[in-house]
Amino acid sequence: MKLHIASPQEIREGKITDIYFERTSKALEKAGITDVKVRMEFHSYGLPKGYEWAVFAGLEESLYLLEGKNVNVYAMDEGTIFREVEPVMVIEGNYMDFGVLETSILGIIRHASSIATKAARVKSLALDKQVIFFGLRSVHPAIAPMVDRSAYVGGMDGVSGAFSETELGVKPSGTMPHALMLVVGDNVKAWSLFDKGVDPEVPRIMLVDTFEDERTEALKAAQLLGDRLYGIRLDTPSSRRGNFRKIIQEIRWTLNLHGYSNVKIIVSGGLDEAQIVELRDYVDGFGVGTSVAFPSSVDFSADIVEKFIEGKWVPITKRGKWPGFKQVFRCGNKDYIVPWANEMSCEPLVKKYMENGKMVRELPTPKEIREKVISQLKEFQVNISS
């Protein structure tokens with residue numbers, strides 16, 4: 001028995017690839033066609049239904065796979081919000097040097113961008129309310145670092161992974177599990193043990209939906225901890241919720257009535273965009289997991305768009321795609337896709353990141369990427385009507 005995962009070395013060596021890329025390389029080698037310089041573009045021609053934009057993520061890992069190879073890489077900054085058809089990354093070089101990596105690079109940017117995009121949508125809809133990512137239990141543990149990172153750079157205020165402080169420079173966030181309540185067998189005893197046993201800097205957020213009515217447990221927790229209680233968390237199963245918003249309103253009224261208006265209400269458990277919009281005026285924070293960890297897919301593809309023939313670059317691609325090396329200029333909230341040689345007075349989004357396998361631009365930190373996403377969300381709205 002083992003964990004069914006690939007090592008970084010196996011991925012960098014191109015062993016994690018679709019078999020037809022291996023067969024293509026062998027066929028070209030046998031034919032003596034081993035020096036074909038191309039420009040391969042990565043883009044999304046089909047965002048999820050109802051989506052007008054997505055967040056580009058996964059650039060750092062993609063560059064890691066290409067480092068040391070004789071290629072040039074142009075890309076949007078990680079965290080850039082982009083639209084359909086726009087190139088997010090272009091690899092320039094001998095196809096034989098990087099073609100076998102297409103599978104892995106597509107997998108990286110598709111998965112990371114899909115999570116980051118959903119995180120950005122959720123954060124945008126939550127407005128000024130805190131949103132923590134609780135989705136690690138939804139994914140294979142081998143990819144937990146990537147999932148937490150993608151959710152965080154997409155806009156989540158925090159993540160639950162215990163490793164996130166080392167990986168992201170972010171202190172992990174969390175409350176208490178039902179397991180603690182059930183092991184102890186009594187809500188008041190469990191809250192007291194948590195309060196006494198956890199480091200003082202950890203906010204006291206008590207789970208209040210295990211044994212009794214949520215309103216009853218919320219008031220008991222407030223009376224037990226007093227000023228030490230930061231908040232309560234409701235993770236009521238859908239089978240017991242009824243009207244979740246009305247339950248929350250009832251709890252808020254009761255806490256206020258007894259002088260606990262400072263106690264915050266955090267909700268979690270199967271939340272998605274519609275529930276966040278429904279509840280955001282009545283709660284102080286959300287714990288969101290599966291809907292971000294398993295989002296609608298931002299469907300990337302990679303296509304050769306130019307080929308170097310007789311000393312010059314010639315536009316070429318398959319039917320249904322736009323040929324040629326392109327730049328994207330952002331003028332306010334409007335984007336323009338133009339041939340690479342064209343100039344505009346607006347911001348160019350595609351920049352050179354790698355030359356002959358060496359980095360030529362400094363990569364941002366996860367915190368800086370997240371700040372970039374948050375700043376753009378002021379201009380890019382979320383449509384959930386469809």
message: For Lys246, I'd like to know if atom NZ has over 12 heavy atoms of other residues, nucleotides or ligands within 6.0 Å.
response: no

query: If you group Ile, Leu, Val, Met, Phe, Trp and Tyr by side-chain heavy-atom gaps below 4.5 Å, do Val202 and Ile205 land in one group?
result: no

- prompt: Is the number of heavy atoms from other residues, nucleotides or ligands within 6.0 Å of CG (Asp227) greater than 12?
  reply: no

- prompt: With a cut-off of 6.0 Å (strictly less than), are more than 12 heavy atoms of other residues, nucleotides or ligands near CH2 of Trp340?
  reply: yes

query: Do you see a donor-acceptor pair shorter than 3.5 Å between the side chains of Ser44 and Glu84?
result: no

NZ/Lys372: more than 12 non-hydrogen atoms of other groups inside 6.0 Å: yes

message: Is there a continuous path of hydrophobic side-chain contacts, each under 4.5 Å between heavy atoms, that joins Ile143 to Phe134?
response: no

- line: dist Glu355:CD -> Arg361:CZ (nearest 0.5 Å) comes out at 12.0 Å

field: Enclosure of Glu201 CD (heavy-atom neighbours >12, cutoff 6.0 Å)
entry: yes

Residues, nucleotides or ligands: over 12 heavy atoms within 6.0 Å of Arg137 CZ: no

- request: Decide whether Asn187 and Glu212 meet the rule of one side-chain donor and one side-chain acceptor closer than 3.5 Å.
  value: yes

message: Between Val88 and Leu349, is there shared hydrophobic-cluster membership here, with clusters defined by ILVMFWY side-chain heavy atoms closer than 4.5 Å?
response: yes

message: Hydrophobic clustering (ILVMFWY, side-chain heavy atoms < 4.5 Å, transitive) - are Val283 and Met156 grouped together?
response: yes

message: If we count only N and O atoms by modelled type, under 3.5 Å, do the side chains of Ser301 and Lys321 hold a donor and an acceptor together?
response: yes

- request: In sequence, state the C-alpha distance, the side-chain angles, and the governing distance for Asp235 and Thr175, and then conclude on side-chain contact (heavy atoms from CB on, under 4.5 Å).
  value: CA-CA 11 Å; Asp235 192 57; Thr175 58; over 6 Å; no

field: Flag if over 12 foreign heavy atoms under 6.0 Å of NZ, Lys352
entry: yes

query: Any sub-3.5 Å donor-acceptor pair from Arg241's side-chain atoms to Thr236's backbone N or O?
result: yes

task: Using modelled atom types only, decide if a donor and an acceptor are shared between the side chain of Arg233 and the backbone of Gly287 within a distance under 3.5 Å.
output: no

message: Would the distance check show the side chain of Asn72 and the main-chain N or O of Glu92 forming a donor-acceptor pair, the cut-off being under 3.5 Å?
response: no

field: Side-chain donor-acceptor contact under 3.5 Å, Asp18 with Thr103
entry: yes

field: Ile309-Phe325 co-clustered via ILVMFWY side chain contacts under 4.5 Å
entry: no

- prompt: Is the Phe300 ring parallel, tilted or perpendicular to the Phe82 ring (thresholds 30°, 60°)?
  reply: tilted

- prompt: Looking only at atom types and distance, does a side-chain atom of Ser114 sit under 3.5 Å from a main-chain N or O of Pro295, one as donor and one as acceptor?
  reply: no

task: Answer yes or no: is there an ion pair linking Arg83 with Asp335, defined by an N-O contact shorter than 4.0 Å?
output: yes

- request: Mind running side-chain hydrogen bond (donor to acceptor under 3.5 Å, both in side chains) on Asp299 and Tyr45 for me, showing each step along the way?
  value: CA-CA 7 Å; Asp299 188 9; Tyr45 272 57; over 6 Å; no

message: Strictly distance-based, threshold 3.5 Å: is any side-chain N or O of Ser150 a donor or acceptor partner for the main-chain N or O of Ile115?
response: no

- prompt: Under the 3.5 angstrom rule, does the side chain of Trp53 hit a backbone N or O of Gln381 as a donor-acceptor pair?
  reply: yes

message: For the residue pair Arg252 and Tyr282, would you count it as a cation-pi contact if the rule is NZ or CZ under 6.0 angstrom from the ring centre and within 45 degrees of the ring axis?
response: no

- request: Mind checking the CD-OG1 spacing from Glu217 to Thr210? Nearest 0.5 Å is all I need.
  value: 5.5 Å

- request: Using a strict cut-off of less than 4.0 Å between a Lys/Arg side-chain nitrogen and an Asp/Glu carboxylate oxygen, indicate whether Asp272 and Lys118 qualify as a salt bridge.
  value: yes

task: Could you tell me whether a side-chain N or O of Lys129 sits under 3.5 Å from a main-chain N or O of Arg280, the two making a donor and an acceptor?
output: yes

message: If we ignore hydrogens and angles and just use 3.5 Å, is the side chain of Trp191 paired with the main-chain N or O of Leu207 as donor and acceptor?
response: yes

Cationic N near anionic O, under 4.0 Å, Arg330 to Glu347: no

task: Give a yes or no answer on whether the side chain of Glu379 reaches the backbone of Gln376 with a donor-acceptor pair at less than 3.5 Å.
output: no

query: Can any side-chain N or O of His140 pair as donor or acceptor with the backbone N or O of Ala142 at less than 3.5 Å?
result: yes

field: Exceeds 12 heavy-atom contacts within 6.0 angstrom, atom NZ of Lys367
entry: no

query: Are any of the side-chain nitrogens in Lys312 or Glu306 under 4.0 Å away from the carboxylate oxygens of its partner?
result: no

- request: Carefully, step by step, assess Val153 and Glu368 under the rule side-chain contact (heavy atoms from CB on, under 4.5 Å).
  value: CA-CA 8 Å; Val153 302; Glu368 290 170 336; over 6 Å; no

